[in-house]
Student: 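I'd like to ask you about the structure that follows.
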Amino acid sequence: MDKQTDTLMKDSQKKAVTMTGAQAVMESLVNEGVEILFGYPGGAIMPVYDALYSYSEKLNHILVRHEQGAVHAAQGYARATGKVGICLVTSGPAATNAVTGIADAMIDSTPVVVISGQVGSALLGTDAFQETDVVGITQPVTKWNYQITRADEIPWAMARAFYIARSGRPGPVLLDITKDAQFGSLEYIYKPAISVRSYTPYPIIDPGQVEEAARLINFAKKPLALIGQGVVIAGAEAELKKFLEKTGIPAAQTLLGLSALPSDHKLNVGGLGMHGNYGPNLKTNECDLIIGIGMRFDDRVTADTRRYATNAKIIHMDIDPAEINKIIHADAPILGNVKESLPMLTSRVSKNDHKKWVEEFHACYRIEYERLIERELYPDKPVITMAEVVRRVSDAFNDDAIMVTDVGQHQMVAWRYFKFRQSRSVITSGGLGTMGFGLPAAIGAKLGRPDRPVCLFVGDGGLQMTIQELGTIYQSKVPVKIVLLNNNFLGMVRQWQELFFDLRYASTELVNPDFQTISKGYFIPSAKVTKREELDKAIKKMVSTDGPFLLEVVVEKEGNVFPMVPAGASVEDILLE
């Protein structure tokens with residue numbers, strides 16, 4: 001008897017228990033193995049919160065300070081653990097506050113279940129107090145959403161929500177529960193979902209596609225593997241290493257795929273895209289074969305698609321059929337879970353090495369180091385650079401922390417200079433680029449992985465978008481380390497204004513508050529560094545402090561992030577300065 005059949009038989013033997021819809025929500029969360037959820041109470045979700053009161057020993061509810069923070073925290077939890085992140089919000093403005101996080105989770109393939117309260121079903125469509133059509137609003141940015149109007153729908157909808165959120169290409173699901181459904185009663189039996197009609201999360205891999213891909217790999221002279229987050233989601237890191245080490249193919253990572261391969265792996269040649277490393281961008285148009293593994297060829301990687309990989313055949317390995325041929329035509333698409341397709345491919349390819357080709361990437365790195373990296377890490381100017389802060393913090397954590405970032409210049413610098421030993425070590429907003437993501441995401445990551453240090457890099461602009469979540473850190477005693485890289489600018493926008501808008505700094509310079517006073521107000525220890533000689537001591541204090549810590553470092557005010565592929569250019573037009 002297989003495990004699924006055994007589970008179904010045991011479920012069918014369970015006796016129904018009479019309970020309210022709100023209690024059914026709690027029971028369903030427990031049945032799905034949920035331990036932590038993030039949320040903010042209100043009128044339309046109050047029956048669920050009342051039920052939650054009796055589940056405090058089974059469910060740890062984290063009270064955030066804003067609903068956007070609840071979703072980002074759930075994202076951070078999900079990305080750090082591989083589990084489904086959960087958040088509770090009420091109706092109206094609470095539900096619309098959650099939309100940004102839901103959209104972020106959708107584009108970055110993060111499994112989140114958002115449970116929103118709704119006005120009573122008799123009031124639907126009447127513009128009742130705090131009523132919004134959250135199902136209509138979130139339909140474009142969810143894998144599935146559903147409005148529950150009867151209590152007896154709750155077990156079915158909850159089971160379906162978890163299954164859809166976590167299976168295949170993960171993503172967010174929203175359940176909108178009317179107040180009368182929460183108050184209503186039902187005979188509760190929970191049956192976890194094992195399938196959904198017309199939904200095929202795990203496509204059957206075509207061996208013929210794998211054979212064609214293997215043929216292209218065996219004949220290639222200058223191949224390059226592009227590693228995306230799909231490898232991390234699938235847990236296929238070991239399979240990736242076996243494939244690369246058998247073929248000797250150099251590998252570059254997307255922003256979200258960065259920690260799929262250890263930083264010091266001999267075939268790791270750096271990051272891809274607009275602010276990626278020199279070699280992977282410059283060499284793309286020299287490649288005769290590109291192998292995209294769990295990545296989607298987004299515009300930040302390809303730049304001008306008309307001038308991308310002009311001499312290369314394309315192998316695209318992805319679980320989502322919508323991504324195949326969407327942006328770049330695939331000569332050999334392999335549709336399926338890369339944890340399964342990579343071993344199939346590895347068994348069919350010849351043992352090889354591409355030492356001379358890999359050395360060309362190393363030569364590019366030496367150029368990048370001499371012309372850029374060395375002066376960023378060891379500047380001959382009094383102002384502190386973001387790069388030196390990031391590298392020193394990485395060293396202080398022995399390159400083994402979970403790195404969380406907000407969005408902006410500091411994000412790109414952290415991506416370039418933080419180092420990794422293990423997977424699930426990068427949590428950042430990729431596709432949507434959501435400022436304000438970092439602080440709540442770091443909270444979720446640390447609560448999900450209390451065994452690992454979690455370090456947030458954030459700019460002065462992004463921090464102020466969700467700064468209220470410092471209150472969540474204090475109340476819930478979350479030991480997150482926060483490195484605030486303060487340049488008194490919206491740095492990435494300012495960089496574009498400098499390079500492409502004739503230094504017209506329109507609305508990008510910030511007059512900031514005293515972050516040390518704010519940190520003190522939230523009872524979080526902090527330090528401020530303005531001189532290089534103070535930096536190492538402050539970092540050591542941050543790392544050794546038992547609990548949260550905010551380290552503010554005043555960095556170069558008008559520093560730029562290079563390399564950079566200008567918008568609309570080819571990847572080979574990458575600029576080192």
Student: Between CG of Leu244 and NE2 of His354, what distance do you get to the nearest 0.5 Å?
Tutor: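 Taking CG in Leu244 and NE2 in His354, the distance rounds to 11.0 Å.
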Student: Kindly state whether the ring of Phe457 and the ring of Phe418 have centres lying under 6.0 angstrom apart.
Tutor: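 Between Phe418 and Phe457, which both carry aromatic rings, the centre distance is below 6.0 Å.
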Student: In Å and rounded to the nearest 0.5 Å, what is the CG to CD1 distance from Asp331 to Ile290?
Tutor: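 That separation rounds to 11.5 Å.
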Student: If I compare all heavy atoms of Ala567 with all of Trp496, which pair ends up nearest, and what's the gap?
Tutor: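 Answer, listing the atom of Ala567 first, then Trp496: CB-CH2, 3.5 Å.
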Student: Between the main-chain N or O of Ser429 and the side-chain N or O of Gln411, is there a donor-acceptor pair closer than 3.5 Å?
Tutor: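 Yes; judged by distance alone, with no hydrogens or angles, the pair exists.
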Student: Using salt bridge (charged side-chain N to carboxylate O under 4.0 Å, His left out), reason through Lys83 and Glu32 one step at a time and then give a plain yes or no.
Tutor: CA-CA 10 Å; Lys83 301 175 182 178; Glu32 288 290 348; over 6 Å; no
Student: Which residue, Ile233, Ile227, Val231, forms the side chain to side chain contact (heavy atoms under 4.5 Å, CB included) with Gln229?
Tutor: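 For Gln229, the side chain to side chain contact (heavy atoms under 4.5 Å, CB included) test succeeds with only one of Ile233, Ile227, Val231, which is Ile233.
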Student: Quick one about Asp400 and Gln422 (side-chain donor to acceptor, distance below 3.5 Å, no hydrogens or angles considered), yes or no?
Tutor: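 On atom types as modelled, these side chains qualify, holding a pair under 3.5 Å.
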Student: Does a side-chain heavy-atom distance below 4.5 Å link Ile293 with Leu342?
Tutor: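 Yes, side chains in contact.
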Student: Is a side-chain donor or acceptor of Asn325 paired with a backbone partner of Ala330 at a separation under 3.5 angstrom?
Tutor: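 Indeed, once roles are kept as given, a pair shorter than 3.5 Å links the two residues.
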Student: Checking Arg166 side chain against Pro111 main chain: does a donor-acceptor pair fall under 3.5 Å?
Tutor: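 A pair under 3.5 Å: no.
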Student: Taking only distance into account, with no hydrogens and no angle test, what donor-acceptor pairs under 3.5 Å do side-chain atoms of residues 311-319 form with protein atoms, sequence neighbours excluded?
Tutor:
residue: Asn311; atom: ND2; partner: Asn285; partner atom: O; Å: 2.8
residue: His316; atom: NE2; partner: Met295; partner atom: O; Å: 2.8
residue: Asp318; atom: OD1; partner: Asp320; partner atom: N; Å: 2.9

Student: Could you check whether Lys143 and Tyr199, counting side-chain N and O atoms only, form a donor-acceptor pair closer than 3.5 Å?
Tutor: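 Yes, Lys143 and Tyr199 have a side-chain donor paired with an acceptor closer than 3.5 Å.
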Student: Once ring pair (Phe, Tyr, Trp, His ring centres under 6.0 Å) is applied, what residue pairs with a partner in residues 321-346 remain, sequence neighbours excluded?
Tutor: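 Found none.
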Student: Measure from the side-chain N and O atoms of Lys246 to the backbone N and O of Thr346, and report whether any donor-acceptor pair falls under 3.5 Å.
Tutor: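 The answer is yes, because a donor-acceptor pair under 3.5 Å joins these two groups.
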Student: Go through the side-chain N and O atoms of Thr247 and Asn352 and say whether any donor and acceptor fall under 3.5 Å apart.
Tutor: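 No donor-acceptor contact under 3.5 Å links the two side chains.
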Student: Distance-only, no hydrogens or angles: does the Thr302 side chain make a donor-acceptor pair with backbone N or O of Tyr308 under 3.5 Å?
Tutor: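 Flag not set: sc Thr302 to bb Tyr308 has no pair under 3.5 Å.
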Student: So, the side chain of Asn218 versus the backbone of Val349: is there a donor-acceptor pair under 3.5 Å, distance only?
Tutor: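 Judged by distance alone, no pair lies under 3.5 Å.
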Student: Does a side-chain N-to-carboxylate-O contact under 4.0 Å join Glu239 and Lys242?
Tutor: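 No.
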Student: Within the structure provided, determine whether Thr305 and Ile328 are in side-chain contact (heavy-atom separation under 4.5 Å).
Tutor: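 Yes; the side chains approach each other to less than 4.5 Å.
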Student: Sub-3.5 Å donor-acceptor pair from the side chain of Thr138 to the main-chain atoms of Val141, do we have one?
Tutor: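 No, because the side chain of Thr138 does not come within donor-acceptor range (under 3.5 Å) of the backbone of Val141.
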Student: Between Asp298 and Arg300, is there a side-chain N and carboxylate O pair less than 4.0 Å apart?
Tutor: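 Answer for the salt bridge query: no.
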Student: With side chains defined as the heavy atoms from C-beta onward, is the minimum distance between Ile177 and Val25 less than 4.5 Å?
Tutor: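 Yes. Closest side-chain heavy atoms under 4.5 Å.
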Student: Are any of the side-chain heavy atoms of Pro333 and Leu335 separated by less than 4.5 Å?
Tutor: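 Answer no - side chains too far apart.
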Student: Side chains of Ser195 and Tyr163: any donor to acceptor distance under 3.5 Å?
Tutor: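 Looking only at side-chain atoms, Ser195 and Tyr163 do not form any donor-acceptor pair under 3.5 Å.
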Student: Can you confirm whether Asp104 sits close enough to Asp108 that some side-chain heavy atom of one is under 4.5 Å from a side-chain heavy atom of the other?
Tutor: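 The answer is yes, as the side chains (C-beta and beyond) meet within the 4.5 Å cut-off.
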Student: Looking at every heavy atom in both Pro223 and Ile249, which two are closest together, and how far apart are they?
Tutor: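 That closest heavy-atom pairing would be CG-CG1, 3.7 Å.
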Student: If you round to the nearest 0.5 Å, how far is CD of Gln495 from CG of Leu499?
Tutor: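 One gets 5.5 Å once the value is rounded to the nearest 0.5 Å.
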Student: Could you tell me whether the side chain of His275 and the main chain of Pro563 form a donor-acceptor pair under 3.5 Å?
Tutor: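 Side chain of His275 to backbone of Pro563, a donor-acceptor pair under 3.5 Å: yes, one is there.
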Student: Which is it for Ser116 and Leu174 under the side-chain contact (heavy atoms from CB on, under 4.5 Å) test, yes or no, and what are the steps along the way?
Tutor: CA-CA 7 Å; Ser116 62; Leu174 178 132; 4.1 Å; yes
Student: I'd like to know if the side chain of Thr142 reaches the main chain of Pro172, judged simply by a donor and an acceptor atom lying under 3.5 Å from each other, with no hydrogens or angles considered.
Tutor: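 Flag not set: sc Thr142 to bb Pro172 has no pair under 3.5 Å.
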Student: Return the set of residues passing side chain to side chain donor-acceptor pair (under 3.5 Å) with Arg416 (not counting sequence neighbours), or none when no residue passes.
Tutor: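 Checked Arg416 against side chain to side chain donor-acceptor pair (under 3.5 Å); matches are Glu368.
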Student: With a 6.0 Å cut-off (strictly less than), is the heavy-atom count around CD of Glu35, excluding the residue itself, greater than 12?
Tutor: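 Open.
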Student: To the closest 0.5 Å, what do you measure between CD1 (Ile102) and CD (Gln75)?
Tutor: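 Going from the CD1 atom of Ile102 to the CD atom of Gln75 covers 9.5 Å.
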Student: Please determine whether a side-chain nitrogen of the Lys or Arg among Arg366 and Glu359 lies less than 4.0 Å from a carboxylate oxygen of the Asp or Glu.
Tutor: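 The answer is yes: the pair qualifies as a salt bridge.
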Student: Do we see a donor-acceptor contact under 3.5 Å between the side chains of Gln68 and Thr100?
Tutor: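 The answer is no; no qualifying pair exists.
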Student: Check the surroundings of atom OH in Tyr202: do more than 12 heavy atoms from other residues, nucleotides or ligands lie under 6.0 Å from it?
Tutor: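 Yes - once you tally the heavy atoms of other residues, nucleotides and ligands closer than 6.0 Å, there are more than 12.
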Student: Identify the two heavy atoms, one from Gly271 and one from Trp415, that lie closest to each other, and give their separation to 0.1 Å.
Tutor: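 Scanning both residues, the minimum pair turns out to be CA-CZ2, 3.8 Å.
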Student: Taking it one step at a time, do Ile115 and Val113 satisfy side-chain contact (heavy atoms from CB on, under 4.5 Å)?
Tutor: CA-CA 6 Å; Ile115 299 169; Val113 171; 4.1 Å; yes
Student: Do we see a donor-acceptor contact under 3.5 Å between the side chains of Tyr146 and Glu153?
Tutor: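 Yes.
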Student: Over all heavy atoms of both residues, which pair between His72 and Thr434 is shortest? Give the atoms and the distance, please.
Tutor: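 Nearest pair, atom of His72 first, then Thr434: NE2-CG2, 3.7 Å.
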Student: Checking Asp304 against Ser570: is there a side-chain donor and acceptor pair closer than 3.5 Å?
Tutor: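 Side-chain D/A pair, Ser570 to Asp304: absent.
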Student: Between Asn560 and Arg494, do the side chains contain a donor N or O and an acceptor N or O under 3.5 Å apart?
Tutor: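 Yes, because at least one side-chain N or O of Arg494 sits under 3.5 Å from a partner of the opposite role on Asn560.
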Student: Is there a side-chain contact between Val269 and Asn277 (heavy atoms, below 4.5 Å)?
Tutor: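 Heavy-atom side-chain distance check fails, nothing below 4.5 Å.
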Student: Considering all heavy atoms of both residues, which atom of Pro566 and which atom of Leu575 are nearest to each other, and what is their separation?
Tutor: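 For Pro566 versus Leu575, the nearest heavy atoms are CG-CD1, 3.7 Å.
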Student: With heavy-atom distances below 4.5 Å as the criterion, would you say the side chains of Val134 and Gln147 are in contact?
Tutor: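 No. Closest side-chain heavy atoms not under 4.5 Å.
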Student: Would you call the rings of Tyr365 and Tyr369 parallel, tilted or perpendicular, where under 30° means parallel and over 60° means perpendicular?
Tutor: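 If you compare the ring of Tyr365 with that of Tyr369, the planes turn out tilted.
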Student: Between Val210 and Ile205, does the side-chain contact (heavy atoms from CB on, under 4.5 Å) criterion hold? Intermediate values first, please.
Tutor: CA-CA 8 Å; Val210 180; Ile205 300 166; 3.8 Å; yes
Student: Lys241 versus Leu261: any side-chain heavy-atom pair under 4.5 Å?
Tutor: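 The answer is yes, as the side chains (C-beta and beyond) meet within the 4.5 Å cut-off.
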Student: Taking Glu245 as the fixed residue, which of Lys266, Lys351, His265 is the one that meets the side chain to side chain donor-acceptor pair (under 3.5 Å) rule?
Tutor: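 Considering Lys266, Lys351, His265, a side chain to side chain donor-acceptor pair (under 3.5 Å) with Glu245 is found only for His265.
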Student: Between atom CE of Met344 and atom CD of Gln209, what is the distance when rounded to the nearest 0.5 Å?
Tutor: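 Answer rounded to 0.5 Å: 9.5 Å.
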Student: Using only heavy-atom distances, determine whether the side chains of Ser259 and Ser425 contain a donor-acceptor pair under 3.5 Å.
Tutor: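 On atom types as modelled, these side chains do not qualify, holding no pair under 3.5 Å.
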Student: Which heavy atom of Ala260 sits nearest a heavy atom of Val232, and at what distance?
Tutor: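 Closest heavy-atom pair between Ala260 and Val232: CB-CG2, 3.8 Å.
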Student: Taking only Lys NZ, Arg NE, NH1 and NH2, and the carboxylate oxygens of Asp or Glu, determine whether Arg391 and Glu376 approach each other closer than 4.0 Å.
Tutor: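 Answer for the salt bridge query: no.
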Student: Quick one: CG on Leu37 to CG on Leu447, what's the gap to the nearest 0.5 Å?
Tutor: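 Separation between the atoms: 11.0 Å.
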Student: Can you check whether Val571's main-chain N or O pairs, donor with acceptor, with Asn281's side chain at less than 3.5 Å?
Tutor: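 The answer is no, because no donor-acceptor pair under 3.5 Å joins these two groups.
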